[in-house]
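Just below is one structure, and these are the notes that go with it.
Numbered from 1 within each chain, the chains take letters A, B, ... in sequence-line order.
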Amino acid sequence: ASSDIKIVLPEEADLLEPCMATRSNIGRVIMENVSETLTELDVRGKQGVMPRLAEKWEQTGDGTWRFHLRQGVTFSDGKAFGAKDVKYSFDRIFSDKNICESRRYFGGMKFDVKIVDDTTIDFKVDPVQPILPLLLSLVTIVPEGTPLEFIREPVGTGPYKLSNWTPGQQIVLDARDDYWGKKPAVTKATYLFRSDPAVRAAMVQTGEADLAPSISQVEATNEKTDFSYLDSETVYLRIDGNIAPLNDVRVRKALNLAIDREAFIGTLVPQDAVLATALVPPTTLGWNPDVKVFPYDPDEAKKLLDEAKADGVAVDTPITVVARTANFPNVTEIMEAIQAQLQDVGFKIDLRFVEVAEHEVYYSKPFKEGRGPQIVAAMHDNSKGDPSFTMFFKYDSKGTQSGYSDPKVDDLVSRASAATGNERAKLWSELIAYVHDDLVADVLLFHMVGYSRVSERLDFKPSIATNSMLQLSEIGIKN
Amino acid sequence: MTMAVPSPAPENAIAAEPGFFVRMARMLWADKFALCAAIFLVFVIVMAIIGPTLLDDLATKQNLRGRNLAPFDFSRDWFMWLGADALGRPLWPRIIVATQNTIMVAAGAVLISAVIGTLLGLIAGFASERTSQVIMRVADVIMSFPSLLVAVIVLYILGSSILNLMLVLSITRIPVYLRTTRAEVLEIKSRMFVQAARVMGASSKRILFRHILPVVFPTLMTLATLDFAYVMLAESALSFLGIGIQPPEITWGLMISQGRQYLTNAWWLSFWPGLAIILTTLSLNLLSNWLRIALDPVQRWRLEMKGSKNG
Amino acid sequence: MADHLLEVRDLSVDFHTVTGTVHAVRNISYYLDRGETLAILGESGSGKSVSSAAIMNLIDMPPGKITSGEILLDGKDLLKMSGEARRAVNGRRIAMIFQDPLSHLNPVYSVGWQMREALKTHGISTTQAQAEALRLFKRVALPDPEAALDKYPHEFSGGQRQRVMIAMALALKPDLLIADEPTTALDVTVQAEVLALLKELQRETGMGVLIITHDLGVVSEVADRVVVMEKGQLVESGTVRDVYRNPQHAYTKKLIAAAPGKGDMHEPDAHGASILSVKDVRKFYGGFEALKGVSFELKPGETVAVVGESGSGKSTLARVLLRLEEPDGGTARWKGKDLFTMSPGDLFKLRRDLQMVFQDPTQSLNPRMTVYQLISEAWVIHPEILPKAKWRERVAELLDQVGLSPEHMGRYPHQFSGGQRQRIAIARALALEPQLIVCDEAVSALDVSVQAQVIRLLDGLRKKMGIAFIFIAHDLPLVRDFADYVMVMQKGEVVEFGTVAQVFDNPQMPYTQALLAASLDPDPDVQAANRNARLARVSQI
Amino acid sequence: MLTFVRKRAFASLISLVGLLVMVFFLSRLTGDPASLFLPVEASAEMKAEFRALHGLDQPLLVQFGQYVGNVVTGDLGESLRKARPALDVVLEAFTWTLWLAVITMTLVTIAAIVVGSLAAFRTGGFFDRFSSMVSLIGASVPDFWLAIVAIVVFAIQLSWLPTSGTGTLSHWILPICVLFVRPFGIIVQVVRGSMISALSSAYVKTARAKGVKSGPIIFIHALRNAMLPVITVIGDQAASLLNGAVIVETIFGFPGVGKLMIDSILQRDFNVVLAAILVTAFAIFLMNLVIDLAYALLDPRIRY
Ligand SMILES: Nc1ncnc2c1ncn2[C@@H]1O[C@H](COP(=O)(O)OP(=O)(O)OP(=O)(O)O)[C@@H](O)[C@H]1O
Ligand SMILES: Nc1ncnc2c1ncn2[C@@H]1O[C@H](COP(=O)(O)OP(=O)(O)OP(=O)(O)O)[C@@H](O)[C@H]1O
Ligand SMILES: [Mg+2]
Ligand SMILES: [Mg+2]
Ligand code: NI
């Protein structure tokens, strides 16, 4: 069988910029295929952070991390890989000539990168980063001398190199002969782009493509080729807890109790989706199994509302629910159903659908002055295994999407971020429970499920990371 | 040689001319297609007026467990006969409730654009070269402004509402009417009867509206009735992109765009509203084709002859 | 019996209208032999055009309907032929010159193209067709025939368009030529040439000619036999001389009696200041100078007749005076104010006083308006003339005055005959009660009896209300009867100007003399004598 | 004629500038590209940096001044997202769209004129009823329906054609067929209406009297007289293909300018939006000029 494969993706990459590889449309093409990272998170097993370009690492007394790099690695342009490239890659991320997305993971940190020798490099970070090896799984390495401005033709150490990109039509990756690791089964991958899920599914069916990593639930009808996977996207209703009546915890609880989450499963939301108790998926460190999903209890919800009303809370104020069109599958139907359920217990809900740019205005700070009570339906993605990528932004009083300023939350977030090991897990668990049970910060809904269609000639099972990264080396070819 | 032929008996008893409405009704009766179309449109209009008050509750009652019910299961309640949507809401009451918004947006947009476009076109064809040049270049600008950009801008700045949507859609349709009208005016104004009217002292306004417009009108009507479909579908596309009408409001276009993802396994979701659009357009056009003939004295016999077989 | 070229038997044609059926032609029968010319004379609206359109299969059916009869061409019934066979007959065997050349020429093709098409349908190659078209254009005396081929219909004068139509019909060398009022727009010199051309072709090819005309002079010049129609029926037939000398039917008698050119000539007696004084008016069409400085004066109640060569700028002069076309020089003072530099507001007031009857009546009537709307529009525009309650009554009165019936009020222009449309146009001009009417060949399509009635009407108005007329015409006897002054034009210039008596009795310029000499006489004997004299003159040279 | 074209070109230039100014300011009122380019978690500083990098932090008028300065030298700026000159991005996409539009409109024009004329020739006859029905349904069918149904039938069931994409000639067939339907429906109706009047004119009688066959009578004599509204509507439809074949481009993965424009608008990639509008506007202006010249060509009574 041919070892060339075709992959059809929903959206073309604007750029193939290594430091933007955390963006899913770019990452799916180049992450670990063209551009590699020092470390890699194991998403299939339970190994945690694994070596990639770094062979091992350790933390010295003052919190400095020392990484020992792999030897004999070359870039696709023939240059040898060494510590200078790692340093350069970091310098490039922090350069003001570009806006590298990976920079956001290092917000508020001061980096001091020191080359010890050609294969050893030290990272001194202030404040100390207990999860630095995990963070480095997000940083792609480019050869020294790569322009600081965004580039369109990445050079990396990965098993593939970019051999052709016809914008609008296709991107072709070819396997490298001089790759340092195991030779992948796929020798050539062509990426095609179709926005319509039905067309993507059809292309695998007709043999025009071999892999469609995301198709819609309704298209996934063939057991042999269609697989579902937990895709690390979590749907929730972000509550702006500063504005009455949403600043009353009883009202927030009532919101939670009024929604019949189970009814969505298998109908508007795929059967395999999981009800969420936290904004992070269960595979994440510190995920708290003791937190229970709010039951569907409209009577209780009504009671809570009545109580609040008796205390003078203006529960009759219309609440605006803002959702983004095409944010996730069935968003309109789901939101309409939620609206109906909330109205059943006595809420007044104005449902508004907006396009991306406007959604952003509601979702992120600074919030508009003089706004009414607002709820934003949104989807959050954290496949990185650690809640720190979530908790600060969504709940800390300084977080850009946070609707609260709760001292206890702030304290837990800062302590957990600084902690390591079990301590870290414990603190995150505590925070998750507090946010869910006591603060009732938001209405958590579902951990979503994605579907992919894989041609029968391929041996591939999608994982939670498939949304953001698609390692060609994981794809086998049958017979 | 000469032969004389007896002179004929005076004849040709000419009947009194029937009134305008009687005549139109007779001509409508003569064209059965147009008659059906007219009846259908009356039904649509009635539904647009009373539909929402009549069926709103039925149309918004959700039932997640009965979602995407297939049509033609006559063992179910009558309102489920056309199937149910993704939230288990019965389709045909929804279509009826949606009529009001749909017709309002479509009729509003078409009327606004047709009226403004035609007026400007008449002016552009008749006025001084400079005025005409200005109008035409503005039309060029509108024409090359992608309608979606207009939509994003207007709806972003003014917010999304039925009225704004009507505005957006009408702005983008103005150039067709404008250009068509102007092109026709350029030709018609050289005709002799226009000069004759001028000799009588008819004002430009009268010449434009009484002499030129009636000649252009049928073409504009054809365009306008076709634009009905265009506007409904454009509105659907806007909804899909998140800048048009959004739930819980409903229109046929929105229903289509919501049904889009189920096209391959629950076709009825977008089929019925699509059919509603098709039937409405078809009716409008049949009626406009009929009207074109009914209003044209040279063609009118086609309908009159059929009406009174051996009149 | 069976060897007639054309025989029409018992033909009847009906038209459907909202108000009832119009019997346009009723049981008419006539025949025509090879090489013969049959003239159809008759009242305007009597069914002449319709019956000939029936021969060509050009009646829209429905709303028209041939209710009875046969039309035999060489013994074969055209009405029973298949569409295909019928088409082969049209053009190839029968050709037609239409009454209304402007609307019958395709406005978007050059006349040369239309000529060539006629020839090519006839199986002639393109280059040959070009040469033949040119030859025919020369034959019908079109000026600058080569350039004319590339011109579009609207760039011609009325008479020139008519000659294009004639050339196109003759190009086909038909066995049968139907000529519907072929010379209404031609001045008499050109008319003579065209008639001669017809005769010549007839001699060459043995063509049968069916000529529809109201001009008794034309009848006496070309026709062998004549049939007379009235109200859709054939009322009389016979040789030209018999019918002229010894008419049987009352209508025929009336017709012959009405022939103009026998009355007294007007002596201009108007006093006072002139209402219109035209000085040195010029007009260019591209490089072509259509008017080369025309000047004249007009007093209230006076009539200036403009006669002259077809294409000499008569209609152009009229259009310029009415500001339908911008002049390129000169002045025209209407009661002291210059018409050409007047503001739109003043012009509007003035429109009431100045009216025009266009040369092509069909095109000047809005096809979507009924007769009532067409005529009453004048009062919609100038409401001070008549209160709305009286409109209907007044329209009826006007229609009656021009010889139409009030029942015609609800009909649309396409439902009328050529002459009837012309009368609607006249009624419309009269509705405004203007002070000056420009009549561009306003009575050319009317049979002499109706013509006489209309002329009497105009003359009455002139006397009663002091209306002045600019009367463009080619029919010299008519001019003689109606005008005070005569202005003779040739090639954009006024070549002679004088009172009727001066011009008619004592023409100065050779062109005027030629014009008068070419005038046809209704009396076949007189005309035969004239013809012989002319031939004698030609052979002497 | 030449002076007309010159005057017209000048006027078009002015309106092109007007268009540019309008789009420039209006599009900037529709929100901040920084928050769309960067993930929601990005800090305010990063967003500020993004704006600074692309000069979006400057006062609008300054930005405009710079933009105009660049445009004059032929530089339409870089795409905010693609790190490529905006004009390159647009021209690449526009080529596809242009071909698609040209081929589709050519086919549509021919087919619609033939069908519409024949329908008018026998008004009320079977062919007229049938073709009206078909074309009207065509004009009111949602295009994505057609696209998906076409893919299901011709690509999946019958396997005659590829589902989508570019490359071979067969890739063009489905998109063109789908794009064909609506303009066809509309133009057929316009042709039909216009031809009914033309066919009842007196000059058609003349042609019949000359013995001209029905074909030339319809397509030569009447058609040219009926063409004025027809070419206007053809122009309108072509324009909407030039800047709006979004659905078809999206479904068939055709890298045209319609989809590009939508994406850029939704992402607020201003430079690409401006460049795309400039390019399509230029094409549309040119087309309108050609149409106006065509009026004069078709009808000698119209003179400029
Ligand atoms: N389409 C029509 N509908 C109704 N009546 C019609 C129609 N066409 C012609 N007629 C009537 O038929 C009669 C005969 O018309 P026709 O054109 O044959 O007259 P004509 O003898 O040629 O007169 P003219 O000398 O004025 O041209 C007229 O009274 C006219 O009103
Ligand atoms: N629009 C035009 N473009 C070019 N030439 C024109 C135009 N209109 C008229 N002409 C020319 O101007 C000349 C005068 O035309 P006009 O119509 O005034 O003649 P006329 O005297 O009325 O002739 P007739 O008796 O044949 O109607 C003609 O030679 C004609 O070819
Ligand atoms: Mg006649
Ligand atoms: Mg004239
Ligand atoms: Ni006999």
Exercise. Tell me, side chain or backbone of A:Lys394 under 4.5 Å from chain D's heavy atoms, or both, or neither?
Worked result: side chain
For this session: Check each atom of D:Leu266 against the heavy atoms of chain A and say whether the ones under 4.5 Å are side chain, backbone, both or neither.
Result: both
Exercise. Within a radius of less than 6.0 Å around CD of A:Glu153, do more than 12 heavy atoms belonging to other residues, nucleotides or ligands occur?
Worked result: no
Exercise. Given that the side chain runs from C-beta out, which part of D:Ser159 has a heavy atom under 4.5 Å from chain A: side chain, backbone, both or neither?
Worked result: neither
Problem set entry | Between NZ on residue D:Lys47 and OG1 on residue A:Thr400, distance to nearest 0.5 Å | 6.5 Å
For this session: Identify which part of A:Glu101 has an atom lying under 4.5 Å from any heavy atom of chain D, answering side chain, backbone, both or neither.
Result: both
Exercise. What residue in A:Val361, A:Val199, A:Thr390, A:Leu192 has the most heavy-atom pairs under 4.5 Å with chain D?
Worked result: A:Val199
Problem set entry | CZ on D:Arg84 to CG on A:Leu15, rounded to 0.5 Å | 10.5 Å
Exercise. Which distance, rounded to the nearest 0.5 Å, do you find between the CZ of A:Phe193 and the OG of D:Ser164?
Worked result: 12.5 Å
Exercise. Can you check side-chain contact (heavy atoms from CB on, under 4.5 Å) on A:Asp196 and D:Ile148, steps first, answer last?
Worked result: CA-CA 10 Å; A:Asp196 194 278; D:Ile148 303 252; 3.8 Å; yes
Seminar exercise, completed: So, the part of D:Leu38 with a heavy atom under 4.5 Å from chain A: the answer is side chain
Problem set entry | Largest heavy-atom contact set with chain A, pairs under 4.5 Å, which of D:Leu260, D:Ile251, D:Thr163 | D:Thr163
Exercise. Quick one: what part of D:Ile156 sits under 4.5 Å from any heavy atom of chain A, side chain, backbone, both or neither?
Worked result: both
Exercise. If you look at every heavy atom in D:Leu53 and A:Asp96, which pair is closest and at what distance?
Worked result: CD1-O, 3.5 Å
For this session: Kindly compute the distance separating CD (D:Glu92) from CD (A:Gln169), expressed to the nearest 0.5 Å.
Result: 8.0 Å
Exercise. Taking all non-hydrogen atoms of both residues, which atom of D:Pro255 and which atom of A:Gly168 are closest, and how far apart?
Worked result: CB-O, 3.5 Å
Seminar exercise, completed: Applying a strict 4.5 Å limit to non-hydrogen atoms, the region of A:Ser364 in contact with chain D is side chain
Exercise. Hey, what do you get for CG (A:Leu16) to NZ (D:Lys82), rounding to the nearest 0.5 Å?
Worked result: 11.0 Å
Seminar exercise, completed: Bottom line for A:His380: the part with an atom under 4.5 Å from chain D's heavy atoms is side chain
For this session: Would you check if D:Asp269 and A:Asp14 make a side-chain contact, meaning some heavy-atom pair closer than 4.5 Å?
Result: no
Exercise. Relative to chain A, which of D:Phe252, D:Phe50, D:Phe254 shows the most heavy atom pairs under 4.5 Å?
Worked result: D:Phe50
For this session: Count the heavy atoms belonging to other residues, nucleotides or ligands that lie under 6.0 Å from CZ of D:Phe282, then report whether that count exceeds 12.
Result: no
Exercise. Can D:Glu49 and A:Arg103 be said to form a salt bridge (Lys or Arg N to Asp or Glu O under 4.0 Å), step by step?
Worked result: CA-CA 12 Å; D:Glu49 228 177 289; A:Arg103 200 191 302 170; 2.6 Å; yes
For this session: Below 4.5 Å from any heavy atom of chain A, which atoms of D:Phe144 appear? Answer side chain, backbone, both or neither.
Result: neither
Seminar exercise, completed: Closest non-hydrogen contact found for D:Pro39 with A:Arg104 is CG-NE, 3.1 Å
For this session: Heavy-atom pairs under 4.5 Å with chain D are the metric here; pick the option from A:Glu355, A:Met203, A:Arg152 that has the most.
Result: A:Arg152
Exercise. Any donor-acceptor pair under 3.5 Å linking the side chain of A:Glu208 with the backbone of D:Pro162?
Worked result: no
Problem set entry | Stacked cation flag A:Arg23 on D:Phe37, 6.0 angstrom / 45 deg | yes
Seminar exercise, completed: Greatest number of non-hydrogen atom pairs under 4.5 angstrom with chain D, of A:Thr206, A:Thr22, A:Ile151, A:Thr166, falls to A:Thr206
Problem set entry | A:Lys398 atom NZ, neighbour heavy-atom count above 12 within 6.0 Å | no
For this session: Answer with side chain, backbone, both or neither: which region of D:Arg268 has an atom nearer than 4.5 Å to a non-hydrogen atom of chain A?
Result: side chain
Exercise. Highest number of heavy-atom pairs under 4.5 Å with chain D: which of A:Lys97, A:Gln401, A:Glu17?
Worked result: A:Gln401
Problem set entry | A:Phe150 side, atom CZ; D:Glu78 side, atom CD - distance, nearest 0.5 Å | 11.0 Å
